[in-house]
Amino acid sequence: MDAKEWLVEQDRLNHIRAKLKVRIAELEPAMANFRDQVTSIRKHFWEDVTVNTSTHEDFEETFYAINQQTAVLSERERGHNLLIQQWKSLNRLLRNPYFGRIDFQEVGLNDTEQIYIGVSSFLDEDGLNFLVYDWRSPIASMYYDHSPGPAFYDAPYGRITGLMELKRQFQIQGGQIVTMFDANVTIGDELLQQVLSKGANSEMKSIVATIQKEQNAMIRDDKSRMLIVQGAAGSGKTSSALQRVAYLLYKNRDTLKADQIILFSPNPIFNSYVSTVLPELGEENMQQTTFQEYLEDGLGASFRIEDLFDQLEYELTAHQTSEYAARLQGMKYKASTGFLNALNQYVLGLGSKGMMFNSIWFRERELISAEQMRSQFYSTPPSLHLSDRVELLQKWLLDELVLLERREIDAEWVLEELNYLDNDQYAEVFGELHKDREVFDIAEQYAEIQEKIHKKLRKDEGDFTFAHQEEELLRHKIVKESFKPLRRSVKKRMFIHVQGLYAQMFSDQTTILEMTHESDMPSLWSEICEQTRDKLNRLELFYEDATPYLYLKERIEGVRTNTQIKYVFVDEGQDYSPFQYEYLKKRFPRARMTVLGDFRQAIFMQSTSLHESDSPLFKLFGEAGTNMICLNRSYRSTREIVMFTKKLLSAGDEIVPFDRSGKKPELIRLESDEIRDAQMRRDIASLRAEGFDSIAVITKTAAESRKAYETLGIQGCEGLLLITKKTLTFEKGVLVIPVYLAKGVEFDAVLIYDTSSQVYRQENERKLLYTACTRAMHRLMLYSVSDWSPFVEVLDRDLYNLAPEVAHEI
């Protein structure tokens, strides 16, 4: 870049930073003033409010005084929080005011506008001229989508066309421009090279300075009900999704709040990994959870639920067990659209027969039998939805409990309970009987006994004594309290025997064929039925049963909807079943959905296809409401690592590596486990000496992780951290981690603990090995003490280096 041009840009940067410092200095006294006001109001809140409840008018005046004082405090707190947000935004800009510039001449105008782009907007003192544009603004989209030449952007009032005369990129540190160059079609490779050459971190970073055109299309899609993003490993799916959240919050800032967006992440540790991206952009974090937490919320009180990782551990380690083949068939079938259709048919069939109920028992007596409920249920109009008929039955049950409660008042057990009441309970009833008639009128729950009392009070004093009144009211209170759990259980619809209804589907093959009209059944259906029933009897659920069970429960009882959520993001979307997507759609009926995934990393049995031609996701909102974007360029790993990993797959040719060079993956074969562990310890020490802070030893299973952690520790490898499904935070260091917990995360260097044919041999293990290898940014090292995995054995020799001292052994 020309020295004069560099000087001009540095002068402008200095000018902007000076203005930022002035604005920050102006904000700080105002912030202090608001803070003092808030503190003072909190401290003297009750001194400024006179509390008087002697009369109705005094009470009303006190109420309004408290409300007024609360409103003043809330207004001051909002003002203080707004100033804090502005102050933080200005300080972020002070560190790095902008990263890009475009010069744009709009059609019909003579002047060319210089548009500088940063993480947030900054206006001149007049409040009219933008010194820095927010990267999410419509005009800034040209920076990501166009090269110099004809360009356009879509403004709220229509498309604006013109000519982009310049596209420039900056790297700014400490108030100085350290890199500056003019770019062409995409965000310049020079900037990407510098960003990607840095080490991995324990937290994901914002990518706003390096967003690519295809990523920008994903970020700014605000029309699709369902956005599917199929992306190669390292293509920036998750990073772009978080920028998408920031964009949506910016564009819809008057109608959308962060807590109206929810992200389903693959595991708890991932939540920690992505937690800093949105705050870095000046936005609050959205809600983050895992699907397992939703299952536990819906069913955890009734069942112990297997999680996704335990299911995979079983699939990978239980080959020799007698029930293995049936379990795998069950996993696959229960995640299929066929089983979803069968379950829907089953629910329809329950409208005419097969409903099951739990009798209501009280003091070892059956008050309302399951047969009575069944008779009442099937007496309701069959044209109604099943959940509506359940609601009618619920109302009938509550009415029946009222009648039964009245009959119970004179029962012997009530008199026995009277003898065990304590003094406080007597005193409470005594006090109620001494209140005036107005109190009796308010107590609706004692309407019937009140009427008795009023009638008898009008008679001779000797006909109805105070003792009789006291006993009558006490009896009523005892029965009402005893019936409270029954009413509560009915309101929670515990009278429906959901466990029995789900088990009924697995009673025998004839039953499911009759009730679901399903014909394409697994060959080992009898064994699947036995496994499922056995699990249910122990109040446990396989992972593959949890969502269908919850789905059935809510189809019958009524779906628990959350209409506040407006956007649902699903990361690692290929690992969700059609049931889970159907459930999410019903649970969040007003939400738009963004699904991010990679079919090449579909390592779980219930994986859903993300291909346009056969994905059930296209049926969820219809093709008209669905958009699919493919991200095939991989940025995480060096070119050498990408060329190696893409050949591990039978369908990896679509993956395009980013042109960042490094060392080829290294294959190291050793004579024994002990020698392997000693070599890994030396290699880890060498990688640390090179400056790599984030190193992962990746294993296939949790058991293998524990073994590697123990043996490497014995070899003297310091600073090891064992990552399990219960780990909640992601840290730098040397992590020993099973591959399924490493999904979505990247490391400077990856060491595959055992790449032998004994570990990665079956076809369903190919994607596990691919997923493990694609976690590496700069270095990939594979170890084996026996024959190599067939997926490695067939690779072209030019794709990797053999460790010299053991090359002859391969």
> Can you sort out the partners of Ser379 under side chain to side chain contact (heavy atoms under 4.5 Å, CB included), two or more places apart, ordered by chain and number?
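With neighbours one apart ignored, the set is Gln376.
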> Rounded to the nearest 0.5 Å, what's the gap from CD1 on Ile556 to NE2 on His497? Could you check?
11.5 Å
> What verdict does the side chain to side chain donor-acceptor pair (under 3.5 Å) test give for Thr711 and Asp677, after you've listed the backbone C-alpha separation in whole Å, the side-chain angles of each residue and the deciding distance to 0.1 Å?
CA-CA 7 Å; Thr711 56; Asp677 294 336; 3.2 Å; yes
> I need the Leu620 CG to Thr626 OG1 distance, nearest 0.5 Å.
7.5 Å
> Tell me, which pairs form a salt bridge (charged side-chain N to carboxylate O under 4.0 Å, His left out) where one or both residues lie in residues 224-235, sequence neighbours left out?
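Those involving residues 224-235 do not exist here.
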> Side chains of Thr290 and Phe264, heavy atoms from C-beta outward: is any pair under 4.5 Å?
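They are not in side-chain contact.
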> Say whether Glu557 and Ser387, considering side chains only, have a donor N or O and an acceptor N or O under 3.5 Å apart.
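There is no such pair between these side chains.
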> Identify the two heavy atoms, one from Ala370 and one from Ser359, that lie closest to each other, and give their separation to 0.1 Å.
N-OG, 2.9 Å
> Do Ser784 and Arg669 get their side chains close enough for a donor-acceptor pair, meaning under 3.5 Å?
no
> Examine distances only and state if a side-chain atom of Asn341 and a backbone atom of Thr337 form a donor-acceptor pair shorter than 3.5 Å.
yes
> Would you say that Glu323 contacts Glu527 through its side chain, given a criterion of any heavy-atom pair below 4.5 Å between the two side chains?
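Counting from C-beta outward, Glu323 and Glu527 never come under 4.5 Å.
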> If we ignore hydrogens and angles and just use 3.5 Å, is the side chain of Ser756 paired with the main-chain N or O of Val785 as donor and acceptor?
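Not a single qualifying donor-acceptor pair exists.
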> For the residue pair Leu741 and Thr724, what are the closest heavy atoms and their distance?
CD1-C, 3.3 Å
> Listed by chain and number, what are the ring pair (Phe, Tyr, Trp, His ring centres under 6.0 Å) partners of Tyr549, not counting sequence neighbours?
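In terms of ring pair (Phe, Tyr, Trp, His ring centres under 6.0 Å), with neighbours along the sequence ignored, Tyr549 is linked to Phe303, Tyr502.
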> Quick one: are Leu384 and Leu392 in side-chain contact, heavy atoms under 4.5 Å?
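Result yes, sub-4.5 Å side-chain heavy-atom pair found.
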> Would you please name every residue forming a ring pair (Phe, Tyr, Trp, His ring centres under 6.0 Å) with Tyr753, sequence neighbours left out?
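With sequence neighbours excluded, Tyr753 shows a ring pair (Phe, Tyr, Trp, His ring centres under 6.0 Å) to no residue whatsoever.
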> Between Tyr543 and Met331 (side chain of the first, backbone of the second, donor and acceptor by atom type, cut-off under 3.5 Å), is there such a pair?
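Absent.
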> A side-chain contact here means heavy atoms from C-beta on lying under 4.5 Å apart; do Leu541 and Leu536 qualify?
yes
> List the residues meeting side chain to side chain donor-acceptor pair (under 3.5 Å) with Asp388, not counting sequence neighbours, and say none if there are none.
none
> Centroid separation under 6.0 Å, is that true for the rings of Phe506 and Trp525?
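Yes: the rings meet the under 6.0 Å criterion.
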> Keeping to residues at least two apart or across chains, list the salt bridge (charged side-chain N to carboxylate O under 4.0 Å, His left out) pairs with something in residues 327-346.
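For residues 327-346: Glu306-Arg327, Arg327-Glu544, Lys334-Asp545.
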> With side chains defined as the heavy atoms from C-beta onward, is the minimum distance between Val697 and Leu712 less than 4.5 Å?
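Yes - at least one pair of side-chain heavy atoms lies under 4.5 Å apart.
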> Any donor and acceptor pair, going by atom type alone, linking the side chain of Gln531 with main-chain N or O of Ile528 inside 3.5 Å?
no
> Using a strict cut-off of less than 4.0 Å between a Lys/Arg side-chain nitrogen and an Asp/Glu carboxylate oxygen, indicate whether Arg761 and Asp787 qualify as a salt bridge.
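Salt bridge absent between Arg761 and Asp787.
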> Could you tell me how the ring of Tyr581 sits relative to the ring of Tyr576: parallel (under 30°), tilted (30 to 60°) or perpendicular (over 60°)?
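Rings of Tyr581 and Tyr576: tilted, as their planes differ by 30° to 60°.
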> Looking at the rings of Phe791 and Tyr770, which for Trp means the six-membered one, are their centres under 6.0 Å apart?
no
> Run Thr289 and Glu293 through side chain to side chain donor-acceptor pair (under 3.5 Å) and show every step you take.
CA-CA 7 Å; Thr289 186; Glu293 289 173 333; 2.5 Å; yes
> With a 4.5 Å limit on heavy-atom distance, are the side chains of Lys767 and Gln601 in contact?
no
> Where is the tightest heavy-atom contact between Tyr760 and Thr699, given as atom of each residue plus distance?
OH-C, 4.1 Å
> Begin from the C-alpha positions of Gln580 and Tyr551 and carry the test side chain to side chain donor-acceptor pair (under 3.5 Å) through to its verdict.
CA-CA 9 Å; Gln580 291 167 328; Tyr551 182 84; over 6 Å; no
> Less than 4.0 angstrom from a charged side-chain N to a carboxylate O is my criterion; do Lys647 and Asp653 meet it?
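Salt bridge between Lys647 and Asp653, a charged N being under 4.0 Å from a carboxylate O: yes.
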> If I take atom CD from residue Glu674 and atom CD1 from residue Ile714, how far apart are they, to the nearest 0.5 angstrom?
9.5 Å
> Measure from the side-chain N and O atoms of Arg766 to the backbone N and O of Leu648, and report whether any donor-acceptor pair falls under 3.5 Å.
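Such a contact is found between Arg766 side chain and Leu648 backbone.
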> Looking only at atom types and distance, does a side-chain atom of Ser336 sit under 3.5 Å from a main-chain N or O of Tyr333, one as donor and one as acceptor?
yes
> Is a donor on one side and an acceptor on the other found under 3.5 Å between the side chain of Arg487 and the backbone of Leu398?
no
> What residues, two or more places apart in sequence or in another chain, satisfy side chain to side chain donor-acceptor pair (under 3.5 Å) together with Gln320?
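Partners of Gln320 under the side chain to side chain donor-acceptor pair (under 3.5 Å) test: none.
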> Please report the closest heavy-atom contact between Leu343 and Pro548, naming both atoms and the distance.
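Result for this residue pair: CD2-O, 3.5 Å.
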> Among residues two or more places apart or on two chains, list those pairs meeting salt bridge (charged side-chain N to carboxylate O under 4.0 Å, His left out) that have a residue in residues 348-366.
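Found Lys353-Glu514, Arg365-Glu408.
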> Between Glu572 and Lys743, is there a salt bridge with N-O shorter than 4.0 Å?
yes
> Can you name the closest pair of heavy atoms from Thr608 and Pro616 and give their distance?
CG2-CG, 3.5 Å
> Does a side-chain N-to-carboxylate-O contact under 4.0 Å join Glu704 and Lys707?
no
> If only atom types and distance count, is the side chain of Ser375 paired as donor or acceptor with the main-chain N or O of Glu371 below 3.5 Å?
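Not confirmed, Ser375 side chain does not pair with Glu371 backbone.
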> Is Lys725 salt-bridged to Asp307, cutoff N-O under 4.0 Å?
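Yes, charged N to carboxylate O under 4.0 Å.
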> Is a donor on one side and an acceptor on the other found under 3.5 Å between the side chain of Arg676 and the backbone of Tyr783?
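Not at all, since once roles are kept as given, no pair shorter than 3.5 Å links the two residues.
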> So Val390 and Arg493, do their side chains get closer than 4.5 Å, heavy atoms only?
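Result yes, sub-4.5 Å side-chain heavy-atom pair found.
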> Would you check, one step at a time, whether the test salt bridge (charged side-chain N to carboxylate O under 4.0 Å, His left out) holds for Glu540 with Arg304?
CA-CA 5 Å; Glu540 298 175 355; Arg304 189 181 72 80; 3.6 Å; yes
> Would you please say whether a donor-acceptor pair under 3.5 Å links the side chains of Ser265 and Asp571?
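On atom types as modelled, these side chains do not qualify, holding no pair under 3.5 Å.
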> Looking at CG of Leu316 and OG1 of Thr701, how far apart are the two atoms once the value is rounded to the nearest 0.5 Å?
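If we round to the nearest 0.5 Å, Leu316:CG and Thr701:OG1 are 7.0 Å apart.
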> Is there a side-chain contact between Val568 and Thr594 (heavy atoms, below 4.5 Å)?
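Answer no - side chains too far apart.
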> Any donor and acceptor pair, going by atom type alone, linking the side chain of Asn358 with main-chain N or O of Met494 inside 3.5 Å?
yes
> Glu296: which residues meet the side chain to side chain donor-acceptor pair (under 3.5 Å) condition with it, sequence neighbours left out?
Gln292
> Please list all pairs meeting ring-ring contact (aromatic ring centres under 6.0 Å, His included) that have one or both residues in residues 364-397, counting only residues at least two apart or in different chains.
Phe357-Phe377
> According to the salt bridge (charged side-chain N to carboxylate O under 4.0 Å, His left out) rule, which pairs have a member within residues 576-598, sequence neighbours left out?
Asp598-Arg600
> Suppose we screen for side chain to side chain donor-acceptor pair (under 3.5 Å). Which residues come up paired with Ser786, at least two apart in sequence or across chains?
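Once residues adjacent in sequence are excluded, the partners of Ser786 under the side chain to side chain donor-acceptor pair (under 3.5 Å) criterion are Gln758.
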